[in-house]
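Quick note on labels: first sequence line is chain A, next is B, and so on, each numbered from 1.
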Number of protein chains: 2
Amino acid sequence: MDRPVTEDASAGGPRHPPRGRRPSTTRRQIARAALELFAAHGYEETTVEQVAAAAGISRRTIFRYFPTKADLVWGEFDDELERLADQLAAAPADEPIFDVVRRAVVATNHFGAGALDELRIRITLITTVPALVAHSALRYGAWLDVVARFAARRLDADPEDLRARTVAHVALGAATAAYEHWAASGGDDPAPELDRAMALVAGGFDADDASVRS
Amino acid sequence: MDRPVTEDASAGGPRHPPRGRRPSTTRRQIARAALELFAAHGYEETTVEQVAAAAGISRRTIFRYFPTKADLVWGEFDDELERLADQLAAAPADEPIFDVVRRAVVATNHFGAGALDELRIRITLITTVPALVAHSALRYGAWLDVVARFAARRLDADPEDLRARTVAHVALGAATAAYEHWAASGGDDPAPELDRAMALVAGGFDADDASVRS
DNA sequence: TCCATTCTGGCATCCAGTGTTATAAATTGG
DNA sequence: CCAATTTATAACACTGGATGCCAGAATGGA
């Protein structure tokens, strides 16, 4: 009802009232409308035109808020990336690299019961719809960079160092497996699955390790 | 010069002469024409129409040989998948899971000097062009299934088992990191990079392990 | 020759994504 | 209150990948 005034809840600078015409909607509102349609009728079956209609704006405006149709599903992924980077940077210097990544990934993936339903819809779409599986590789690129940069710092190496990139790619692989598994089997919080997958890696897939058998 | 007669060099059944009109070209020829154009002018800058013209066929026919533009870059990836599956199946039953995967991946990625140039073009495109990075997630899906099925057999578990899927995703991560690194830094055979990346994982990223420091 | 089969080309269509332009809604300054 | 400026939106046109459909070309067989 009240106009969305760009919902800037962050600690901002001096509050100049915004200059021109106010946005008629928010990213959040558009994404929510899209997700409902995708969940109800399927991603491929829903056109951007229909999302626009549901959100009460024009097709062209959708693409000003989101660069691609696939990005409608990803919500505020960039924010999560920042939290991950902070977690990594704050880790004690003597903690082993992969342990830090493991802790950080798990820590940034705790969700309240309220957000779980929406999260499951998102992850199910991302891990099952081919167009979204494909797109995820692009979003994960930034994730890889964050983790690889951290690993490179710890190894005193270049961000393109094979070891640093491998740490990142492997961590992403474990996280992807965990999320895929969580979305398919109706668990509760995805954090335990994440921790278990990362533990397997940290143990080097040693078949004698109890963590593998648990 | 001579007509391409569907180049079926495999050990076939009884040789009925093919029935209807013969194909005017081959997948190989089309892919080669496409790769040249992509390398020369860029992937996004080249339209399927131009590939068709270079291959001497119509745009529509391109999409009968290849389901998407991106698949033009992937060549005979399916064949490689079969070889990987065979390698995995032939491994001794007492060899640790990840060691088997490591050996199989390395073994299926030896290339003669003649094929290296084309491989590097392919991998460079796949790891740098956003549309191809995205598409790769779809092709790797089949790769994941092959490795996960192997791991599941070894673990006497379901193919969707978290451990099996994690093994597959993590192996793919390591392989991706290796290939990415190989394409960027002009090495020779990608196999050593693959082996090194997989060794890091097998060692659990233990910083005291010599394999990590080498 | 007539027929069945296989491949190709051309056309129409859908949809995601982009550039452009006009217009609406808001603030600032007179 | 009016004009200038700024920002957001809508409407339109256009590109290019992908798909369905159908007519026609090219082959072997009866």
Side-chain angles (χ1 to χ4, degrees), chain A residues 2-8 14-30 33-34 37-38 41-74 125 129-135 138, chain B residues 2-8 14-30 33-34 37-38 41-74 129-132 134-135 138:
Chain A
D2 47 358
R3 283 165 296 182
V5 192
T6 45
E7 50 161 352
D8 192 333
R15 256 300 149 271
H16 285 278
R19 291 274 308 205
R21 174 177 177 172
R22 272 167 282 182
S24 63
T25 182
T26 63
R27 282 177 56 91
R28 178 81 197 128
Q29 287 175 341
I30 299 173
L37 288 176
F38 295 161
H41 309 123
Y43 177 81
E44 297 289 0
E45 291 72 21
T46 307
T47 67
V48 175
E49 181 71 44
Q50 292 171 321
V51 175
I57 56 180
S58 79
R59 194 182 103 90
R60 189 63 182 86
T61 299
I62 294 268
F63 286 112
R64 288 206 191 80
Y65 281 78
F66 297 89
T68 73
K69 180 185 178 184
D71 287 302
L72 286 166
V73 181
W74 281 81
L125 286 170
V129 177
L132 293 174
V133 172
H135 185 78
L138 299 178
Chain B
D2 46 359
R3 281 166 298 184
V5 191
T6 43
E7 51 160 353
D8 193 331
R15 254 304 146 271
H16 286 277
R19 291 273 309 202
R21 175 177 177 172
R22 275 168 277 179
S24 62
T25 182
T26 63
R27 282 177 57 91
R28 176 81 196 126
Q29 287 175 344
I30 299 173
L37 288 176
F38 295 161
H41 309 124
Y43 177 81
E44 296 290 0
E45 291 71 22
T46 307
T47 67
V48 175
E49 181 71 43
Q50 293 171 321
V51 175
I57 56 180
S58 79
R59 194 182 109 94
R60 190 62 183 86
T61 299
I62 295 268
F63 284 111
R64 286 205 191 83
Y65 281 78
F66 296 89
T68 72
K69 180 185 178 184
D71 287 302
L72 287 164
V73 182
W74 281 81
V129 177
L132 293 174
H135 184 78
L138 299 178

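- Only A:V48, A:R59, A:R60, listed by number, bring a heavy atom of residues 48-61 of chain A to less than 4.0 angstrom from any atom of DNA chain C.
- As rounded to whole Å, 12 Å separates atom C1' of D:dT15 from atom NZ of B:K69.
- The 5' end of DNA chain C is approached more closely, in terms of each residue's nearest nucleotide, by A:A70 than by the other of A:A70 and A:G20.
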Atom pairs, N/O to N/O, protein against nucleotides 1-5 of chain D, distance under 3.5 Å?
none

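- Using a 4.0 Å heavy-atom criterion, one finds that A:Y65 contacts the sugar-phosphate atoms exclusively.
- Considering only residues two or more places apart in sequence or on other chains, B:F38 meets the ring pair (Phe, Tyr, Trp, His ring centres under 6.0 Å) condition with B:Y43.
- Counting to the nearest Å, the P atom of D:dG17 and the CZ atom of B:R64 are 17 Å from each other.
- Exactly one residue among B:L72, B:V51, B:V48 makes a side chain to side chain contact (heavy atoms under 4.5 Å, CB included) with B:F66. That residue is B:L72.
- Rounded to an integer number of Å, the gap from CD of A:E44 to C1' of C:dC14 is 12 Å.
- B:I62 has its CD1 atom 15 Å from the C1' atom of D:dT19, to the nearest Å.
- In this structure, A:I30 places its CD1 atom 11 Å from C1' of D:dT9, rounding to the nearest Å.
- Atom CD1 in A:I62 sits 11.0 Å away from atom CZ in A:R27 (nearest 0.5 Å).
- Rounding to the nearest 0.5 Å places CD of B:Q29 at 4.0 Å from OG1 of B:T25.
- Between B:Q29 atom CD and C:dC7 atom P there is a gap of 15 Å when expressed in whole angstrom units.
- For the side chain to side chain donor-acceptor pair (under 3.5 Å) test, residues two or more places apart in sequence or in another chain that qualify with B:T61 are B:S58.
- A:S24 and A:Y65 make their closest contact through N-OH, 4.3 Å (heavy atoms, listed as atom of the first residue, atom of the second, distance).
- Closest to the side chain of B:F63, out of D:dA18, C:dT8, D:dA8, is D:dA18.
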All N/O contacts under 3.5 Å from nucleotides 23-25 of chain D to the protein, with atom names and distances to one decimal?
from: D:dA25; atom 1: N3; to: B:R21; atom 2: NH1; distance (Å): 3.4

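- B:A54 pairs by the side-chain contact (heavy atoms from CB on, under 4.5 Å) definition with B:A33, B:L37, not counting sequence neighbours.
- Here salt bridge (Lys or Arg N to Asp or Glu O under 4.0 Å) pairs that include residues 43-72 of chain A, with residues two or more places apart or in two chains, are A:D71-A:R139.
- Proximity of A:S24 to the phosphate of D:dT9: a side-chain N or O atom is located under 4.0 Å from OP1 or OP2.
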